[in-house]
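Note that the structure is predicted; figures quoted are calculated from it, not measured.
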Amino acid sequence: MSAALVVAWREIRDQWVSGRGLAIMVAYAVLLSFTTYVAAVNQSLTFLEQRESLSLAVKTAVTVGGLLVVLWCADAVSGERERGTLESLLLTPAPRRALVAGKGMSALTLWVGAFLVAVPYLWVLGRGVSRWGEVLLAALIVGTLLSLFLGGLGLLVSIWSGSQRLSLAISLFLLLALHAPALLPPTSLRGWAGEALVRLDPFTSGLPYLDGIVLRGTPMTQDIHLLLTPLVAGLVMPAIALAAASRLSLMPRGQG
């Protein structure tokens with residue numbers, strides 16, 4: 001664990017001191033500003049109620065925050081491999097799992113930064129909404145679980161990919177495929193197929209959990225079972241990525 005923390009600290013320092021993390025946060029803030037403006041305008045024109053506007057902003061913040069994590073993790077190994085710097089990393093005394101774990105932890109700071117940036121926007125849209133504190137806490141919990149899952153997914157794809165472009169493309173495709181069912185109306189998720197999606201897809205269970213708190217004002221404990229899938233995914237996927245990291249090599253699996 002100490003080796004992983006050392007790697008994480010180095011990656012976090014390079015990530016934020018170099019300005020890349022800050023540039024990402026600026027772009028993220030611009031997106032949230034646009035989303036907040038559109039939601040506020042529609043709310044003033046009575047196209048959207050206040051809770052609907054807040055729900056849009058919350059899900060945008062959580063989803064885009066997860067997108068930042070998965071894309072950063074997708075570059076973690078395949079990018080080093082493509083740039084020719086992976087060999088020097090593998091020659092360091094740090095175990096391979098510590099290298100991958102450190103890169104994953106540094107990617108999670110993007111979600112932390114994204115959440116902090118999103119708080120003022122959510123406050124603007126959520127002023128006067130009951131249980132606003134619970135909305136914020138629920139967004140933090142769901143976003144963290146989804147970011148853990150997506151971070152592990154991105155690392156796993158990155159370990160197995162031979163190029164940065166391939167890793168980014170696969171990770172983005174998987175994110176879109178996982179997120180698409182969550183955009184379907186609740187009526188389409190009825191029946192055995194819909195129940196299977198809710199049970200297996202962390203987005204299809206995590207985002208409706210947020211909808212219940214934001215749109216209907218339900219207590220956080222009422223639909224707590226919906227967090228089971230994001231929780232399991234957020235624990236299992238990073239564990240799988242770390243297991244795959246033990247066989248990390250200069251060439252992706254199947255080519256080494």
Side-chain angles (χ1 to χ4, degrees), residues 1-28 63-114 143-178 233-256:
M1 177 59 74
S2 59
L5 292 177
V6 171
V7 174
W9 171 247
R10 185 194 65 192
E11 293 287 333
I12 292 171
R13 184 183 57 197
D14 293 344
Q15 177 178 319
W16 292 99
V17 174
S18 67
R20 289 181 295 169
L22 180 60
I24 291 173
M25 289 301 105
V26 170
Y28 176 76
T63 302
V64 178
L67 172 66
L68 298 178
V69 173
V70 72
L71 293 183
W72 193 275
C73 286
D75 174 71
V77 178
S78 61
E80 299 279 5
R81 183 180 285 130
E82 190 171 280
R83 291 186 291 269
T85 54
L86 182 59
E87 182 177 6
S88 60
L89 286 178
L90 295 179
L91 292 176
T92 61
R96 284 163 166 74
R97 290 182 180 178
L99 292 174
V100 173
K103 286 180 173 294
M105 285 188 280
S106 70
L108 289 175
T109 62
L110 289 174
W111 158 243
V112 175
T144 299
L145 294 177
L146 292 178
S147 293
L148 284 169
F149 165 69
L150 291 171
L153 181 64
L155 289 172
L156 186 62
V157 172
S158 189
I159 291 170
W160 287 347
S161 298
S163 69
Q164 178 191 46
R165 185 175 301 176
L166 177 62
S167 178
L168 292 173
I170 294 176
S171 298
L172 183 58
F173 172 79
L174 291 175
L175 173 62
L176 294 175
L178 290 167
L235 295 176
V236 171
M237 188 56 70
I240 294 175
L242 290 179
S246 62
R247 299 186 178 182
L248 178 62
S249 62
L250 287 178
M251 299 296 292
R253 292 188 62 180
Q255 299 181 27

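Atom CZ of R97 sits about 10.0 Å away from atom CZ of R247, to the nearest 0.5 Å. From L174, atom CG reaches atom CG of L150 across 9.5 Å, with rounding to the nearest 0.5 Å. Q164 contributes atom CD, which lies 12.0 Å from atom CZ of R81 (distance to the nearest 0.5 angstrom). Rounded to the nearest 0.5 Å, atoms CG (L156) and CG (L242) are 10.0 Å apart.
Residues V7 and G102 approach most closely at CG1-CA, 3.9 Å, considering heavy atoms. Closest heavy-atom contact between G65 and A114: CA-CB, 4.3 Å. Taking every heavy atom of both residues into account, S106 and W72 meet most closely at OG-NE1, 4.2 Å. Residue A245 comes nearest to V100 through the heavy atom pair CB-CG2, 3.4 Å, listed as atom of the first residue, atom of the second, then distance. When all heavy atoms of W160 and A244 are compared, the closest pair comes out as NE1-CB, 4.4 Å. Nearest heavy atoms, S158 versus A76: OG-N, 3.8 Å.
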Task: Verdict with reasoning, L168 to L172, per side-chain contact (heavy atoms from CB on, under 4.5 Å) - done: CA-CA 6 Å; L168 292 173; L172 183 58; over 6 Å; no

Open item on the list: Quick one, L178 with L153, criterion side-chain contact (heavy atoms from CB on, under 4.5 Å). Give me CA distance, side-chain angles, the key distance, then yes/no.
Closed with: CA-CA 12 Å; L178 290 167; L153 181 64; 4.2 Å; yes

TODO: Could you please spell out the steps behind the side-chain contact (heavy atoms from CB on, under 4.5 Å) verdict for M105 and L5?
DONE: CA-CA 8 Å; M105 285 188 280; L5 292 177; 4.2 Å; yes

- [ ] Take L99 and T92 through the side-chain contact (heavy atoms from CB on, under 4.5 Å) test and state the conclusion after the steps.
- [x] CA-CA 9 Å; L99 292 174; T92 61; 4.1 Å; yes

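A heavy-atom distance below 4.5 Å is found between the side chains of L148 and L108. Looking at D75 and R83, their side chains come closer than 4.5 Å, going by heavy atoms from C-beta outward. Contact check for L235 versus L145: no side-chain heavy atoms found under the 4.5 Å cut-off. With contacts defined as side-chain heavy-atom distances shorter than 4.5 Å, the pair L110/Q15 qualifies.
Although no hydrogens or angles enter the test, the distance criterion places a donor-acceptor pair under 3.5 Å between the side chain of S167 and the main chain of A74.
Within a 6.0 Å sphere centred on CZ of R165, heavy atoms belonging to other residues, nucleotides or ligands number 12 at most.
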